[in-house]
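One structure below.
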Amino acid sequence: AQATSALIRVASALQKEISAKEKSVNANQGSKKLTKFYRKDTIFAEGLISAAKAVATTVQVVIKNAAAARSGQIQSEGLIAAARAVSAASAQLVSSSKVKSADSPNQGKLQDAARSVAQATSHIVSSAQSYLEKEESKDREKRMEKATGSIIQEMEQNAKILRLERELDRRELS
């Protein structure tokens, strides 16, 4: 949550810089109309702020999927897919910010914040996967115990059959 909020704060600051830069360019050109940013991609309706919100939304999906995976509602693949969505949204945010303001000091901060989000997401995924592996191991052990128990039971039954056969043979010979 902290990494995501830091990412949104830095993206907001960077977006303000871009807007101010665009206003000054438009003012210098004598144009009163501000150039529209990011027209083609709806993810960027508010510029970098929208892209940062997309990252935050995908992080929320990762957290939700991690909880669902722990409760057995989804498989780990759903969690991995959500983590990849965070990675894609973060990469899109960082690359778009580089295009709009590569020379800004906030650009480095944004990259650091995106890295922090990626690390936090990775930690969530690895933690959930570790939990799932432990649960799978427990299930495997239970199945082995059941299988071992049935093998032991079968062996005991075979021993009993052999005893009864031996006893029957002795009675027939007597």
Side-chain angles (χ1 to χ4, degrees), residues 1-140:
Q2 290 176 348
T4 305
S5 63
L7 181 75
I8 292 172
R9 278 194 307 273
V10 174
S12 297
L14 197 52
Q15 183 62 46
K16 286 177 186 174
E17 279 183 29
I18 292 168
S19 296
K21 188 176 180 181
E22 287 290 328
K23 282 181 183 178
S24 70
V25 167
N26 287 337
N28 291 338
Q29 293 175 354
S31 171
K32 293 183 182 180
K33 187 176 181 183
L34 186 61
T35 306
K36 290 199 174 207
F37 302 131
Y38 319 105
R39 287 181 221 160
K40 295 180 182 178
D41 195 344
T42 57
I43 288 179
F44 295 99
E46 297 176 273
L48 300 178
I49 297 168
S50 296
K53 286 179 182 176
V55 173
T57 300
T58 56
V59 167
Q60 288 175 342
V61 171
V62 167
I63 293 168
K64 182 179 165 185
N65 284 0
R70 287 188 73 151
S71 66
Q73 294 173 347
I74 66 167
Q75 299 294 319
S76 62
E77 290 81 9
L79 180 60
I80 293 168
R84 287 181 181 164
V86 170
S87 177
S90 297
Q92 190 173 21
L93 170 62
V94 171
S95 63
S96 297
S97 68
K98 282 181 182 178
V99 168
K100 284 294 185 178
S101 70
D103 57 342
S104 171
N106 281 327
Q107 179 63 38
K109 291 178 184 176
L110 183 71
Q111 288 175 316
D112 291 342
R115 259 187 237 105
S116 294
V117 168
Q119 288 171 345
T121 301
S122 176
H123 179 70
I124 290 169
V125 170
S126 64
S127 175
Q129 284 181 323
S130 175
Y131 175 81
L132 291 173
E133 288 170 3
K134 286 178 186 175
E135 288 299 307
E136 188 177 301
S137 177
K138 287 178 186 177
D139 289 344
R140 199 175 314 119

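Sequential numbering from 1 along the given sequence is applied to the chain's residues.
Listed here is the closest heavy atom pair of Ser71 and Ala68: OG-O, 3.1 Å. Taking all atoms of both residues into account, the shortest heavy-atom contact from Val61 to Ala82 is CG1-CB, 3.8 Å. Between Gly78 and Asn65, the shortest heavy-atom distance links the atoms O-ND2, 3.2 Å. Closest approach of Ala66 and Leu79 over heavy atoms only: N-CD1, 3.6 Å. Across all non-hydrogen atoms, the minimal contact from Val55 to Val117 is CG1-CG1, 3.9 Å.
The structure places CZ of Arg9 at 9.5 Å from OG of Ser12, a figure rounded to the nearest 0.5 Å. One finds the NZ atom of Lys53 at 12.0 Å from the CD atom of Gln60 (value rounded to the nearest 0.5 Å). We find the CD-CD distance between Glu136 and Gln129 to be 11.0 Å, quoted to the nearest 0.5 Å. Taken to the nearest 0.5 Å, the CG atom of Asn106 stands 11.5 Å off from the CD atom of Gln15.
Taking the side chain as every heavy atom from C-beta outward, Lys109 and Leu14 never approach each other to under 4.5 Å. Side-chain contact between Ser96 and Leu48 is present, with heavy atoms from C-beta onward closer than 4.5 Å. Residues Val59 and Leu7 form no side-chain contact, since every pair of their non-hydrogen atoms from C-beta on lies 4.5 Å or further apart.
Not a single donor-acceptor pair under 3.5 Å links the side chain of Ser122 to the backbone N or O of Ala118. Judged by distance alone, the side chain of Ser116 and the main-chain N or O of Asp112 form a donor-acceptor pair under 3.5 Å. Looking only at distances, a side-chain donor or acceptor of Thr58 sits under 3.5 Å from a matching main-chain atom of Ala54. Of the possible donor and acceptor atoms, none in the side chain of Ser130 sits under 3.5 Å from a partner among the backbone N and O of Ser126. Put simply, the side chain of Ser127 never gets that close to the backbone of Ile124: no donor and acceptor are under 3.5 Å apart.
More than 12 heavy atoms of other residues, nucleotides or ligands shown are found within 6.0 angstrom of CD on Glu135.
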